[in-house]
Every structure is written in C-alpha cells, then in structure tokens.
Q: 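One structure coming up, written as structure tokens, with questions to follow.
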Number of protein chains: 2
Amino acid sequence: MDFLWQERVEGRRGPKPALTLDAIADVAIVVADAEGLAAVSMQRVAADLGYTKMALYRYLPGKSELVAVMLERGLGVPPELPPGDWRAALTLWAESLISAFVAHPWALEASAGSRPVGPRELGWMEAALSRLPDGLTGAERMDAVAVVAGHVRSIVVQPGESGMLAALTEHAARFPAISAALADIAVRGGHDQAFRFGLERILDGLERLVTQRKQASVKDSRSG
Amino acid sequence: MDFLWQERVEGRRGPKPALTLDAIADVAIVVADAEGLAAVSMQRVAADLGYTKMALYRYLPGKSELVAVMLERGLGVPPELPPGDWRAALTLWAESLISAFVAHPWALEASAGSRPVGPRELGWMEAALSRLPDGLTGAERMDAVAVVAGHVRSIVVQPGESGMLAALTEHAARFPAISAALADIAVRGGHDQAFRFGLERILDGLERLVTQRKQASVKDSRSG
DNA sequence: AAATAACTGAGTCCAATGGAAACAGTTTTG
DNA sequence: CAAAACTGTTTCCATTGGACTCAGTTATTT
C-alpha cells in the first residue's frame, strides 16, 4: 500500500532504476485495455517493456500491487464538478466514472473485493461526498455515494442481456416476465438508458429524503 | 451453457459415471466458501473428491463452466415473495440475494462479467420482475431490477471502509469530506445500515415515478 | 452369447503462471 | 579505495488449466 502513496526516494545507492512504477503500470494498462486483465502477467508486461520479469519485482511486491497501481492510473483524477445543483454535479460525477470504466473495462474486475485504496480513488470519493446535499448523516453520505457508485458498477458489469437472450430463446415460457420485458429492450439504446433510469431513481430517492427532513426541521423550529 | 440447463442423458454405454455435476460443484463450493474462489482448482476439487483432475473434464468442458455451475447452485432458488406490497416483496428479494452473497462471497467474483446464464439466475430475475409495480416499460422494469441487484452487489463488495480507514489515518487532511463522514461510521452497524439506506432510496425513487405516472394517467383520462 | 462401440477414470505431458534465491554489475557513501 | 546498497538477470520451483493417450468397463447390436 506504500507504493500507492509514496513515490520513490531519490538519492539512493546503486544504479539508477531503468523503469518507473508509472511506466510499468502504463504498459500493463495498454495490455489490459487491448486484451483484458487476464492477459496482464508479469512476463508479458516485462517483455513489452523490454526487460525480464523479475526486474519488475524491484518496483512491486507482487502482481496484486501492480493491479492496484493500474487501477489508480486507470481511474484518473475525478472531474471538476460545477458548483450549484447537486443533482447535476452527481450526475456528471457518475458519468465520468462510467466513462473511466468503459475506457478500462478491466478496472471493474480490478476494483472488486477488499484492497488497498489509493489517493485517486479517495479523490473520487471525496469529490462526490463534498457535493451531496445537506441533511444526511456522515454514514448516510457514505452510503449515498456507495449507491451511486454501485449503480455505475452494475451498469458496466451488465451480465445479462446477451447471455440472457441466448438462454431465453429456448426457455421463454418458463420466464414470462423476463420475456415480456426483453421484448421491449431490443429497440432501445443500450447502457445509457439503463444508466440514466437508475441514476434518476436514486437521486429522486435522495431528494425525497432531504426535502422530507428539511420540512421536518422547519416544522420543528416553528413548534419549538 | 448446455450443462446449466440440461441434465445428463440416461441409458448411455460405458461405465456408470462415478460422479455427478452437482457433486463436483458442491465440493468446489465448500472449497470456495472456506478458502475463496482462488483456492478452487481442478486439482483441488478432484483431490477432495478422491479422483484425479482429468476425471472432472468428463463432466465439464473447463474451469469457467465449473464456476458457472457453482454460481447456479450457490445462488439457490429465489425466495417465495409474499403477495401484496411490492416494496416489501422487493425488499425481501434483495435481502435474500444479499444473504446468498454473504454465504458465498466468491459468488460476487464469479458473477462478474459476461457469462452464460442458468435457470436459477433467471429465476431470481423473473421473481423480481414479476413483483414490480405497474406503470413501467419493459426496459424500465429490467433497469429497475438491475438497480436493486447492483445495489446488493455493491454492498457485498464493500471495497472501502477498512482499506479507506487505513489510508486515511495518514492523509486525513487531504480528504476532509471522507474524514468527516467516516467519523460517523465507526459507531454504526456495518453492512446492514448501508443496505437499508440505499434500498429505501431506490424504492422511493421508483415509487415516485410510478405514482407520478399514475396521476398523469388519471388526469389524462379526465381531460380526454 | 459375442462383438462392437461408446464411455470411464488414470496417467503423461505441456506451456504459462507468480514468485524465491543467488547472481554479477553499478553507484553512492564511509 | 573499500564497503554497502541497489540494480537487472539468471536459474529454479510449485502450481495452474488443459490436450492427449491408454487400459478398462458396459450397454447396445448382431
């Protein structure tokens, strides 16, 4: 987890390092973008760099750390969110996040499970948190961001439709509700529709909570 | 994808198979539950069964198919949803799904990405779809279920808090919003709180949409 | 009943993986 | 200058998923 936060100390003994952590990660990202995360092996990355596999271990403890660095660089820095409407800000945030995931599909797999967190990832979290409306507890704020981020993830994963369609052609009768719904889906615009729909439901739900609380607190101050 | 839907044909020549697909998957599930999906190898599963690795390939084309079968069995059958309130039904559905994921944490990893879909997985989808309120298009119904399922997934993933806390102890100043929110989290009840919060926001958002449309259609029929 | 064809599980072999350990060469520090 | 620290390379290993072969078993066919 150190290497995610701390850059290399200068002025050490021995030969100058020929590589940098970032250069390694960038090559790995190129591989992952083109051929998937599975194609990223120490050997492959080292070969693409023109070095031997074990040279990388001078920069990284192991492969999982390489993936962590890839993720940090792949995510990029969070976008500048315009001031004003919190819904617009969160929408832009979610759109940017989904763009990052679409550009680097492996990032989804890489960001699953418990793992060390880097500064950029925290930057994304910070950006969203700071633009949430008032009237939520700290825990609720974390949860709210988690819901939006979870929605983005689930959109990118998209396990279903293609595999579902294949399975349904033979067993449509057993799953009438799916069949009926899918008949409608063929004529719409892919991911984006689903993304918008879910995001707006979530923001609506959030908005309802905060306005509800705002009204309650007004009533409170009036009566007390 | 065949083996997910079709059981073995009886009355074949040759020796009786010593194993069954389900028995193999069950052993693999035990391994995955105890030591994670990474510990599931053909060798390991075969050894636990008392057979050689290559024997398994008589039942499965490859490892990815084993994981697919594991997922089908691990998910189990969807719960019976009580009639009536659609919010209660969807809540129970989401709770059951999260229980399955908590019981089999590897199922999350296994269900990521595009993959063949089995009957039980479709059964879950069908169950949720059939209990959604009226007033949604087919595409929207799919999206609505996807949002809820995505929320469940994101709750189970829970990338953050532990790793985040570790990182924040040293860099709290750089991320004030996270620090403030996390200070609140220490005193609450883990996953469940986040799950409830997000689910209720989503259901609120859905409810708003359908009631909105119901009102619009009433007004419509009055004026036209 | 006998022959055949299909099937079984075991055994051997392979390329690729992540990683450990020891290596010779290079540069800074004492 | 010598020693210490660091570099990238080389050699080695266990484990992985999987292709292929082989002897043995059994249901179907003749």
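Proteins get letters first, then strands, A, B, ... in listed order; numbering begins at 1 in each.
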Q: Could I get the full list of side-chain contact (heavy atoms from CB on, under 4.5 Å) partners for B:P61, not counting sequence neighbours?
A: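 Once residues adjacent in sequence are excluded, the partners of B:P61 under the side-chain contact (heavy atoms from CB on, under 4.5 Å) criterion are B:F3, B:E65.
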
Q: Per the end-axis method with five pairs at each terminus, what is the bend angle of the helix from C:dA1-D:dT30 to C:dG30-D:dC1, to 10°?
A: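 For the helix from C:dA1-D:dT30 to C:dG30-D:dC1, the axes at opposite ends meet at about 10°.
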
Q: Taking atom C1' of D:dT9 as reference, at what distance in whole Å does atom OH of A:Y59 sit?
A: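 Rounded to the whole Å, the gap is 13 Å.
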
Q: Which residues pass the side chain to side chain donor-acceptor pair (under 3.5 Å) test with A:R174, sequence neighbours left out?
A: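 Partners of A:R174 by the side chain to side chain donor-acceptor pair (under 3.5 Å) criterion come out as none, since no residue qualifies.
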
Q: In sequence, state the C-alpha distance, the side-chain angles, and the governing distance for B:W93 and B:V145, and then conclude on side-chain contact (heavy atoms from CB on, under 4.5 Å).
A: CA-CA 10 Å; B:W93 184 86; B:V145 176; 4.0 Å; yes

Q: Strictly by ring pair (Phe, Tyr, Trp, His ring centres under 6.0 Å), give each pair with a member in residues 22-78 of chain A just once, sequence neighbours left out.
A: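 Counting only pairs at least two positions apart or across chains, no ring pair (Phe, Tyr, Trp, His ring centres under 6.0 Å) contact touches residues 22-78 of chain A.
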
Q: Tell me the interatomic distance from A:R12, atom CZ, to D:dA5, atom P, rounded to whole angstroms.
A: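 About 12 Å, once rounded to whole Å.
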
Q: Of the residues in residues 25-37 of chain A, which ones touch DNA chain C at a heavy-atom distance under 4.0 Å?
A: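 Within residues 25-37 of chain A, no residue comes under 4.0 Å of DNA chain C.
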
Q: Please set out all donor-acceptor pairs under 3.5 angstrom arising from side-chain atoms of residues 122-132 of chain B, sequence neighbours excluded.
A:
from   : atom 1 : to     : atom 2 : distance (Å)
B:W124 : NE1    : B:G76  : O      : 3.0
B:E126 : OE1    : A:A177 : N      : 3.2
B:E126 : OE1    : A:I178 : N      : 3.1
B:E126 : OE2    : A:A177 : N      : 2.8
B:S130 : OG     : B:E126 : O      : 3.2
B:S130 : OG     : B:A127 : O      : 3.0
B:R131 : NH1    : B:L81  : O      : 3.4
B:R131 : NH1    : B:P82  : O      : 2.7
B:R131 : NH2    : B:P82  : O      : 3.2
B:R131 : NH2    : B:G84  : O      : 3.0

Q: Hey, what's the ring geometry for A:W5 with B:F175, parallel, tilted or perpendicular (30° and 60° as the breaks)?
A: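 A:W5 vs B:F175 ring planes: perpendicular.
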
Q: State which residues pass side chain to side chain donor-acceptor pair (under 3.5 Å) with A:R58; sequence neighbours excluded, sorted by chain then number.
A: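 Testing A:R58 for side chain to side chain donor-acceptor pair (under 3.5 Å), a comparison that skips the adjacent residues, returns none.
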
Q: Once you round it to whole Å, what is the distance between C1' of D:dG8 and CG of A:L19?
A: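 The distance from CG of A:L19 to C1' of D:dG8 comes to 9 Å, rounded to the nearest Å.
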
Q: For a quick check of understanding: with a heavy-atom distance under 4.0 Å over all strands, which category does A:A55 fall into, base, sugar-phosphate or nothing?
A: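 Base, at least one base heavy atom under 4.0 Å.
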
Q: For B:T91, which residues count as a side-chain contact (heavy atoms from CB on, under 4.5 Å) partner, sequence neighbours excluded?
A: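 So B:T91 forms a side-chain contact (heavy atoms from CB on, under 4.5 Å) with B:E95, B:R196, B:L199, B:L203.
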
Q: The criterion is side-chain contact (heavy atoms from CB on, under 4.5 Å); which residues satisfy it with A:V40, sequence neighbours excluded?
A: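 For A:V40 the side-chain contact (heavy atoms from CB on, under 4.5 Å) partners, ignoring immediate neighbours, are A:A28, A:V31, A:A32, A:L37, A:V45, A:L66, A:M70.
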
Q: Does anything in residues 68-77 of chain B pair up under salt bridge (charged side-chain N to carboxylate O under 4.0 Å, His left out), and if so which pairs, sequence neighbours excluded?
A: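 Qualifying pairs, neighbours excluded: B:D22-B:R73, B:D26-B:R73.
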
Q: Does B:P15 or B:T52 map to a spot on DNA chain C nearer the 5' end, using the closest nucleotide for each?
A: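 Upstream on the strand: B:P15.
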
Q: Reading nucleotides 16-22 of chain C 5' to 3', which nucleotides get B (base under 4.0 Å from a protein heavy atom), which S (sugar-phosphate only), which -?
A: -BBBBBB

Q: Only counting residues at least two apart or in another chain, list the ones meeting side-chain contact (heavy atoms from CB on, under 4.5 Å) with A:V147.
A: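 Listed in chain order: A:I202, B:H151, B:I202.
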
Q: Nearest-Å distance, CZ (A:R13) to C1' (D:dA5)?
A: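 Taking CZ of A:R13 and C1' of D:dA5, I get 5 Å after rounding.
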
Q: Rounded to whole Å, how long is the line connecting atom CG of A:L49 with atom C1' of D:dT9?
A: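 Nearest whole value for this atom pair: 15 Å.
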
Q: Starting at atom OH of A:Y51, determine the distance to atom C1' of D:dT10, rounded to an integer number of angstrom.
A: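 After rounding, the reported distance stands at 17 Å.
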
